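Worksheet: one structure, shown below.
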Amino acid sequence: MSVSIGIDIGGTKIAGGLVDAEGRLVEQARRDTPAQDAEAIITGTVDLIRELAEKARAYGDETPKVGVACAGYIDREGATVLFAPNIAWRHEPLRAQLQEATGHDVVIENDANAAGYGEFRYGGGKNVDDMVMITLGTGVGGGIVLGGEVFRGSHGVGAEIGHMRVVPHGHLCGCGNRGCFEMYASGSALVRDARALVDEGTPQGKRLRELCDGKPENLKGVHVTQAAQEGDEAAVALLAEIGRWLGEGAASLAAILDPQLFVIGGGLAEAGDLVLEPARVAFAEELTGGGHRPAARFCVATLGNDAGVIGAAALAREGRA
């Protein structure tokens, strides 16, 4: 059995695994790392690669290829982290460092691109040629596959869906601009609006106040989803607003990319149709030429938190075209 190694570098942990040619995660391992500690992250990644490479021998693979996914701008060649928002990496030659330390062929990929490719090859998008993955987490991430190939842009930093401008002079985003998509369609946006509702003290926020013990700062996105699943009208409306923004943003993307499918991942995807149905309605209303053209479908991502590991391993095995 041929396997490859997939690594997904997060803020406080590094997840890794051995992935076979069918996209099955046959071995898993992880390392906890101090947040934003660049040196510890590299050390932990090297250690994890060595552990998984040892396990690969049991599958008859002495020199498995390695794919590493991490948040940030990755150059077109999959060698250098140009900029990482949560780690002190600026033009970091990460591929060379990892190859020198481990002796394995390594490719580096943006984490959202890797997750999107994982879903394309083995998850919700495995039966299409053109898809856009939108991850609704703390921010909004994006992975685009066109004609079966990951879209990266001419410099490797394309598909930053969360930072397309949707509201001129809108909410200030962590990137420094105002009105970015992720300020309206993310888990952070949901929590911001839900906490404001709780803070108002109106009857509409009663159930949400109960779930956070009357302390808005304790309210989390899972509380809003829980209340909505219980039928709380205010929580349902909050998720529907996220869905509306998602659908409108997807319509703008469809005007440019015309994908067959939008795969929705991230924590908010767990709300299912509470987000996706409003998204479908808004998408149909805003799609240019709607009713006179084929329209993209929406589905929930199926690989969950393993998408980045699986996608990174697949890109390493297939040569990261």
Side-chain angles (χ1 to χ4, degrees), residues 1-34 37-72 74-75 77-81 84 87 89 92-123 125-126 143 145 148-150 301-321:
M1 177 192 298
S2 175
V3 294
S4 54
I5 295 173
I7 304 289
D8 190 358
I9 298 175
T12 58
K13 69 178 177 64
I14 308 167
L18 294 181
V19 181
D20 71 10
E22 302 301 318
R24 292 184 292 256
L25 200 55
V26 297
E27 297 282 352
Q28 290 180 273
R30 60 174 282 170
R31 293 290 185 278
D32 294 323
T33 60
D37 187 332
E39 184 176 347
I41 288 171
I42 291 176
T43 300
T45 301
V46 168
D47 190 44
L48 194 55
I49 290 171
R50 288 172 175 165
E51 177 185 337
L52 290 167
E54 184 66 30
K55 291 181 177 181
R57 294 179 180 176
Y59 297 89
D61 203 326
E62 295 289 329
T63 56
K65 294 181 178 179
V66 180
V68 177
C70 60
I74 313 300
D75 73 343
E77 290 71 35
T80 303
V81 182
I87 306 171
W89 284 340
E92 188 79 19
L94 188 59
R95 181 173 69 182
Q97 292 174 335
L98 296 179
Q99 287 186 162
E100 182 178 354
T102 67
H104 291 269
D105 289 336
V106 177
V107 297
I108 313 298
E109 185 59 83
N110 170 270
D111 58 347
N113 285 352
Y117 193 71
E119 287 289 339
F120 169 74
R121 287 287 280 116
Y122 304 111
K126 63 182 178 181
V145 178
E149 303 289 342
V150 175
T302 62
L303 300 182
N305 292 332
D306 296 329
V309 170
I310 293 172
L315 286 165
R317 180 188 302 109
E318 296 166 17
R320 192 186 182 274

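If you're wondering where the values come from, they're calculated on a predicted model, not measured in any experiment.
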In sequence, state the C-alpha distance, the side-chain angles, and the governing distance for Y122 and T302, and then conclude on side chain to side chain contact (heavy atoms under 4.5 Å, CB included). CA-CA 9 Å; Y122 304 111; T302 62; over 6 Å; no
Check against side chain to side chain contact (heavy atoms under 4.5 Å, CB included), D111 and C70: CA-CA 5 Å; D111 58 347; C70 60; 5.7 Å; no
Worked verdict on R31 versus E51 for salt bridge (Lys or Arg N to Asp or Glu O under 4.0 Å): CA-CA 11 Å; R31 293 290 185 278; E51 177 185 337; 2.5 Å; yes
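Contact record, H104 with A53: NE2-CB, 3.5 Å, taken as the closest heavy-atom pair. The nearest pair of heavy atoms linking G308 to A69 is O-CB, 4.3 Å. Pairing each heavy atom of L315 with each of A114, the nearest pair is CD1-CA, 4.3 Å.
Using a distance-only test at 3.5 Å, with no hydrogens or angles considered, a donor-acceptor pair links the side chain of E119 to the main chain of L303. The backbone N or O of P64 lies less than 3.5 Å from no partner atom in the side chain of R317, so there is not a single donor-acceptor pair. Using a distance-only test at 3.5 Å, with no hydrogens or angles considered, a donor-acceptor pair links the side chain of N110 to the main chain of G72. S4 places a side-chain N or O within donor-acceptor distance of the main-chain N or O of A313, the cut-off being under 3.5 Å.
Side-chain atoms of T102 and V66, non-hydrogen and from C-beta on, never get closer than 4.5 Å to each other. Side-chain contact between V81 and I74 is present, with heavy atoms from C-beta onward closer than 4.5 Å. Side chains of V26 and V3 form a contact here, defined as non-hydrogen atoms less than 4.5 Å apart. With contacts defined as side-chain heavy-atom distances shorter than 4.5 Å, the pair V309/L25 qualifies. Within the 4.5 Å cutoff, the side chain of T80 has no heavy atoms near those of the I108 side chain.
For the atom pair L48 CG and Q28 CD, the distance stands at 11.0 Å (nearest 0.5 Å). Interatomic distance, CG of D8 versus OG1 of T45, reported as 10.0 Å (0.5 Å rounding). One finds the CG atom of L18 at 5.0 Å from the CG atom of L52 (value rounded to the nearest 0.5 Å). Considering CG of D20 and CG of D61, their distance stands at 11.5 Å, rounded to 0.5 Å. The distance from the NZ atom of K65 to the CZ atom of R320 is 13.5 Å, given to the nearest 0.5 Å. Distance check, rounded to the nearest 0.5 Å: CD1 of I41 to CH2 of W89 gives 5.5 Å.
The residue from I49, T33, D47, I42 that alone fulfils the side chain to side chain contact (heavy atoms under 4.5 Å, CB included) condition with I14 is T33.
A donor atom on one side chain and an acceptor atom on the other are not found under 3.5 Å apart for E109 and Y117.
Residues satisfying the salt bridge (Lys or Arg N to Asp or Glu O under 4.0 Å) criterion with E62, sequence neighbours excluded, are R57.
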All N/O donor-acceptor pairs, side-chain side in residues 93-101, below 3.5 Å, sequence neighbours left out:
residue : atom : partner : partner atom : Å
R95     : NH1  : E77     : O            : 3.2
Q97     : NE2  : E92     : OE2          : 3.0
Q99     : OE1  : V106    : N            : 3.0

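Around the CG atom of N305, the shell of radius 6.0 Å holds no more than 12 heavy atoms that belong to other residues, nucleotides or ligands. The environment of NZ in K55 is crowded: more than 12 heavy-atom neighbours from other residues, nucleotides or ligands sit within 6.0 Å.
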